[in-house]
Amino acid sequence: MEMNFINETDPEVAELIDKELIRQQNTIELIASENIASKAVMAAAGTVLTNKYAEGKPYKRFYNGCDLVDQIETLAVERVKKLFGVEHANVQPHSGAQANMAVFFYALKHGDTVLGMDLSNGGHLTHGSPVNFSGMYFNIVSYGVNEYGEIDYNNVEKLALEHKPKMIICGASNYSKIIDFKRFKEIADKVGAYLMADIAHIAGLVAGGVHPSPVGYADFITTTTHKSLRGPRGGVIMCSKEHAAGIDKAVFPGIQGGPLEHIIAAKAIAFKEALKPEFKEYAAQIVKNAKALAQSLMDENIDIVGNGTENHVMTIDLRKTGKTGKDVANLLERVGITANKNTVPNDPQSPFITSGVRIGTPAVTTRGFKEDDMIEVGKIIASAITVCDNEVALENLKARAKKLCDKYPLY
Ligand code: DSN
């Protein structure tokens with residue numbers, strides 16, 4: 001029905017949205033940060049709530065007419081608090097980057113030292129990249145991963161003792177091992193630093209009980225809501241009561257204006273979905289699928305950084321194939337698999353070319369893929385890398401990928 005409204009007003013945009021639905025239906029989505037939101041989540045994001053200004057917090061707004069959005073935002077807050085077992089949550093950040101920015105704004109002063117994971121080692125732009133506000137306005141010290149793709153906690157401790165950061169950031173955009181939040185907390189305590197856990201990638205796994213939680217260790221927990229958590233595109237900050245008022249002020253009026261109440265309603269629905277027992281099964285299946293995919297690739301003689309995965313994501317290491325991440329990501333798109341190029345530890349290539357491809361299983365798991373399907377996906381990827389110049393063979397692989405897509409309709 002919504003598409004009819006769009007079509008009446010703007011057939012050009014409607015056609016492109018229609019085509020994007022077909023693209024998603026006919027593609028095996030392995031971008032580790034993407035997912036497939038439910039119809040209810042999407043419907044809430046397209047409601048009259050987009051019309052409402054509601055600066056401030058529920059029941060303490062600057063504008064009138066907020067009674068109903070107050071109730072909706074309160075539902076979102078209470079549900080996410082229950083889901084993660086936290087004392088306080090702010091559901092207004094428009095994105096994960098803004099959630100992180102608000103924590104920086106509250107916890108740090110311009111020029112303070114922050115210890116975070118390097119972007120090319122799996123960290124995030126907002127963990128101190130020189131091209132991001134975090135790297136421009138703060139003194140960043142970075143830690144990375146060893147050749148097995150693991151954080152060297154002793155090295156993190158050494159850097160912390162040497163540089164005395166005001167805040168340490170853990171959590172990553174491309175890290176396939178379990179994060180030891182307790183160890184990070186011990187390091188932070190040794191130097192009196194705040195600990196921020198950015199769980200954007202693993203939030204669904206934490207909520208589903210298949211990855212340890214940072215609650216009780218991290219002073220601030222930030223996440224996006226659209227990755228493994230499977231909600232609308234947006235962010236959340238969680239913390240103890242001690243930091244609640246300061247974090248809320250950092251979000252508004254610190255870095256944002258009016259909250260997106262239509263997206264907050266969609267977040268409330270996603271949190272309700274994640275509180276259901278089925279979500280635990282989903283989270284467990286994401287990890288089972290990732291392990292099956294990693295094994296299938298390694299069985300086909302494809303290297304995986306760290307020889308496997310403990311969560312939802314892994315990086316194919318292409319160094320021995322002589323191919324680049326950029327080429328293979330494009331090649332995979334050619335056969336109906338979407339992924340992104342990514343650096344591997346000590347990558348000889350630039351971040352624009354890379355020697356790796358990051359792949360993850362949250363989206364395909366939502367579609368219903370199981371371990372057997374992941375084995376087939378691994379075989380398709382491995383064959384594509386091998387037969388990359390043979391058009392007939394690539395067409396054949398595309399047909400195999402399409403068969404899997406047809407087996408699991410998107411909506
Ligand atoms: N762009 C996200 C990812 O792909 O991991 C990080 O925000």
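Because the structure is predicted, anything quoted here is derived from the model rather than measured. Indexing begins at 1, ligand by ligand and atom by atom, following the structure's order.
When only modelled atom types and interatomic distance are considered, Arg358 and Asn174 share no side-chain donor-acceptor pair under 3.5 Å. If you check the side chains of Thr366 and Asn35, you find a donor sitting under 3.5 Å from an acceptor.
Contacts between Arg358 and ligand 1 below 4.0 angstrom, taking non-hydrogen atoms only, involve the side chain exclusively.
The protein heavy-atom contact nearest to atom 2 (C) of ligand 1 is Lys227 CE, 3.8 Å. Given atom 3 (C) of ligand 1, the protein heavy atom at minimum distance is Ser33 OG, 3.3 Å.
Closest of all the heavy-atom pairs between Phe181 and His211 is CE1-CE1, 3.7 Å.
For Phe220, the ring pair (Phe, Tyr, Trp, His ring centres under 6.0 Å) partners are Tyr106, Tyr194, His243, not counting sequence neighbours.
Atoms of ligand 1 found under 4.0 Å from any heavy atom of His201, numbered from 1 in the order shown, are 3 (C), 5 (O). Proximity to His124 (heavy-atom distance under 4.0 Å) selects the following atoms of ligand 1: 6 (C), 7 (O). The Ser173 neighbourhood of ligand 1 comprises atoms 5 (O), 6 (C), with distances under 4.0 Å to a heavy atom of that residue.
At most 12 non-hydrogen atoms from other residues, nucleotides or ligands lie less than 6.0 angstrom from CD of Glu12.
Using a 4.0 Å threshold on non-hydrogen atoms, atom 7 (O) of ligand 1 counts as touching the protein.
The aromatic ring centres of Phe184 and Tyr153 sit less than 6.0 Å apart.
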